[in-house]
Number of protein chains: 2
Amino acid sequence: MANKSCIIRLSRYRNALMRLKALNFVKVFSENLADAARVTAAQVRKDFSLFGISGNRRGGYLVEELLEQINRVLGKDKLQKFIVVGVGNIGRALLNYPGFKKNEIELVAGFDIDASKHNREAEVPIFLLEELNDFVKDNGIKFGIISVPDFAAQQILELMIQTGIRGILNFAPICLKEPEDCVIRNLNFETELENIIYFTNVTEKTEVR
Amino acid sequence: MANKSCIIRLSRYRNALMRLKALNFVKVFSENLADAARVTAAQVRKDFSLFGISGNRRGGYLVEELLEQINRVLGKDKLQKFIVVGVGNIGRALLNYPGFKKNEIELVAGFDIDASKHNREAEVPIFLLEELNDFVKDNGIKFGIISVPDFAAQQILELMIQTGIRGILNFAPICLKEPEDCVIRNLNFETELENIIYFTNVTEKTEVR
DNA sequence: CTATTTATGTGAAAAATATCACAAAAGACT
DNA sequence: AGTCTTTTGTGATATTTTTCACATAAATAG
Ligand SMILES: NC(=O)c1ccc[n+]([C@@H]2O[C@H](COP(=O)([O-])OP(=O)(O)OC[C@H]3O[C@@H](n4cnc5c(N)ncnc54)[C@H](O)[C@@H]3O)[C@@H](O)[C@H]2O)c1
Ligand SMILES: NC(=O)c1ccc[n+]([C@@H]2O[C@H](COP(=O)([O-])OP(=O)(O)OC[C@H]3O[C@@H](n4cnc5c(N)ncnc54)[C@H](O)[C@@H]3O)[C@@H](O)[C@H]2O)c1
């Protein structure tokens, strides 16, 4: 089975292809995609090979066709709906972001315990947490985003699982455990910053060669 | 040299240790840290071994001491200052987040081309983009965050490099290339969501075993 | 129509990363 | 003081991931 980094790369190829398409490009070479995704050309071709995606020898790949094939792999052939729990700074930023819609991702509703965030008339409605269960079940939602404070994250995870959510992006700085039948990706900005700090310092020291 | 995932894990161990410390725990075992970071105990010990971090056979590790050692590795023994370019939804969320301060990370200023975002009296001041160069040089800032729209990202990267910034977290959905002497981490929410969509669908299909 | 060029597709090789498994150290118990 | 128990620390081993390198197919040119 494909691994996580492989799928990240597919997303990046896709991103590049969308831009090329917008510029009316017809063909693209593994070399080009490699540049866009910051990997080697061999990696690009190997990734495609894994999913049986093929181009034309000598002619490279047709942008339109390749995009379609990647879309199929990534489940972008249909709109994917997410709900957001925790409508604070991050939650709001996500709900306001217009870029998702262009990519077959839709954040359909927000949920919060704070009644002052409640607004069922908004373009993307914000409901009370108690309404989560019914909403998810009625609308067959499979995906959720956790953007509540750390101490509430585990509890929200359990609630989401109960309602039937199967894939979660977690912004709380707690490493949530993947239950049996659910995929979780923990994103921690602080960890990202610490990574940058470490590698910046290391390369500075290493440079004295 | 340590790799990226290894440093991510160190951050996670650190996060867990901070919580244990707050609860007045004195000792911790590799098994405990493994649980917190969702890895194996052998991995934890191997990671420590790589940095010459050692505990007491039989006695595990002393929380306080271990924390200090990890802090040293991660550069958390002194405050690390970041600037943020692009004070929109994401930029604002970051600048408002109080959690960074507790972890020796400080976002010291924001910069934006939009004059209406400008506010040099705010707790964290927001300056005009033109002021970036002097500010970074005068204050010896090494780290930056890019949270401008995708079309502006490359240009901001180049500007940051010129001013002397050496480590960057990029939120724009463009895979920026690492220049020679600079570390860049590209974070793309859409890619993260696509990852979740893919693996949720795959595990659903795989489950029919 | 044949030769040449060029980019793909993919096994084989190499490199990177994670796991195993167990000797060694140190506290606990008698 | 000696034995037992438990957990670390780390070479050896296994697995995963990436890169290499080249045969193969298609397009172009002569
Ligand atoms: N803002 C940042 O830049 C940033 C940086 C790093 C990490 N994070 C993490 O991301 C998460 C969200 O951050 P934020 O800045 O948006 O926080 P925030 O405090 O602005 O918003 C949190 C929201 O969650 C709601 N909430 C609290 N408990 C809830 C519950 N049980 N159920 C439903 N809603 C609940 C609150 O009412 C609030 O609206 C936090 O875990 C934070 O640690 C944020
Ligand atoms: N908000 C989200 O949830 C989300 C999700 C995915 C990706 N992103 C990406 O993160 C980045 C920031 O998103 P956002 O929602 O905060 O956008 P935003 O539009 O709210 O804010 C962008 C800010 O950048 C400023 N800006 C524009 N050009 C600039 C320049 N050349 N120099 C300095 N400032 C400049 C604008 O004035 C604005 O204040 C974007 O690249 C976006 O694609 C955001």
Side-chain angles (χ1 to χ4, degrees), chain A residues 1-13 16-17 20 25-70 73 175 178 195 198-199 202 206, chain B residues 1-13 16-17 20 25-70 73 175 178 195 198-199 202 206:
Chain A
M1 196 186 72
N3 63 17
K4 195 173 286 184
S5 350
C6 174
I7 301 301
I8 289 178
R9 289 193 300 266
L10 278 194
S11 282
R12 288 184 175 172
Y13 306 149
L17 287 167
L20 290 175
F25 274 61
V26 175
K27 278 184 184 176
V28 65
F29 299 120
S30 57
E31 195 71 51
N32 305 137
L33 293 171
D35 288 345
R38 311 294 164 201
V39 296
T40 64
Q43 179 81 82
V44 174
R45 299 197 299 271
K46 194 87 194 189
D47 285 341
F48 290 169
S49 154
L50 185 61
F51 294 102
I53 293 175
S54 64
N56 317 45
R57 293 197 196 223
R58 167 118 199 196
Y61 303 83
L62 294 176
V63 171
E64 194 94 35
E65 207 175 274
L66 183 53
L67 199 48
E68 231 164 74
Q69 294 186 86
I70 294 182
V73 173
C175 211
E178 291 203 337
N195 227 265
Y198 177 83
F199 285 106
V202 165
T206 315
Chain B
M1 197 185 73
N3 64 17
K4 196 173 284 184
S5 351
C6 174
I7 301 300
I8 290 178
R9 290 193 299 268
L10 279 194
S11 281
R12 289 185 174 171
Y13 305 150
L17 286 167
L20 291 175
F25 273 60
V26 175
K27 278 184 185 175
V28 65
F29 299 121
S30 57
E31 194 72 51
N32 306 137
L33 293 172
D35 289 344
R38 311 292 165 204
V39 295
T40 64
Q43 178 81 80
V44 174
R45 299 199 297 274
K46 194 87 191 192
D47 285 341
F48 290 168
S49 155
L50 186 61
F51 294 102
I53 293 175
S54 63
N56 316 45
R57 294 197 195 221
R58 168 117 202 192
Y61 304 83
L62 294 175
V63 171
E64 193 95 35
E65 207 175 273
L66 183 53
L67 199 48
E68 231 164 74
Q69 294 186 87
I70 293 182
V73 172
C175 210
E178 292 203 336
N195 227 266
Y198 177 83
F199 286 106
V202 166
T206 315

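Per chain, numbering begins at 1; letters A, B, ... match sequence-line order. All values below were derived from every heavy atom in this structure, side-chain atoms included, with hydrogens, water molecules and symmetry-related copies excluded.
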Chemist: Please enumerate all residues that pass side chain to side chain contact (heavy atoms under 4.5 Å, CB included) together with Ala16(A), with sequence neighbours excluded.
Modeler: Leu33(A), Ala36(A)
Chemist: Please report the shortest heavy-atom distance between Ala34(A) and Ala41(A), naming the atom on each side.
Modeler: CB-N, 3.6 Å
Chemist: Can you confirm whether Val39(A) sits close enough to Tyr13(A) that some side-chain heavy atom of one is under 4.5 Å from a side-chain heavy atom of the other?
Modeler: yes
Chemist: Given atom CG of Leu62(B) and atom C1' of dT8(D), what is their separation to the nearest angstrom?
Modeler: 13 Å
Chemist: Could you tell me the separation between the CG atom of Leu50(A) and the P atom of dT16(D), rounded to a whole number of Å?
Modeler: 13 Å
Chemist: How long is the straight-line distance from CZ of Phe199(A) back to CG of Asn3(B), given to the nearest 0.5 Å?
Modeler: 6.5 Å
Chemist: Can you list every pair that meets salt bridge (charged side-chain N to carboxylate O under 4.0 Å, His left out) and has a residue in residues 25-53 of chain B, with sequence neighbours left out?
Modeler: Arg9(B)-Asp47(B)
Chemist: Give the rounded distance in Å between these two atoms: CD1 of Ile53(A) and P of dG9(C).
Modeler: 10 Å
Chemist: Using a 4.0 Å cut-off on protein heavy atoms (strictly under), produce a 5'-to-3' string for nucleotides 12-20 of chain C with B for base contact, S for backbone-only sugar-phosphate contact, and - for none.
Modeler: B----SSBB
Chemist: dT8(D) C1' sits how many Å from Glu65(B) CD, rounded?
Modeler: 14 Å
Chemist: Show me the protein contacts with nucleotides 3-7 of chain D, counting only N or O atoms at under 3.5 Å.
Modeler:
unit_1 : atom_1 : unit_2   : atom_2 : d
dT5(D) : O2     : Arg58(B) : NH1    : 2.5
dT6(D) : O4'    : Arg58(B) : NH1    : 3.4

Chemist: Please report, rounded to the nearest Å, how far the C1' atom of dG9(D) is from the CD atom of Glu31(B).
Modeler: 15 Å
Chemist: Is the phosphate of dG9(C) approached by Ser49(A) (side-chain N or O, under 4.0 Å from OP1 or OP2)?
Modeler: no
Chemist: Run the side-chain donor-acceptor check on residues 48-70 of chain A: report pairs under 3.5 Å with partners two or more places apart or on a different chain.
Modeler:
unit_1   : atom_1 : unit_2   : atom_2 : d
Glu64(A) : OE2    : Lys21(A) : NZ     : 3.4

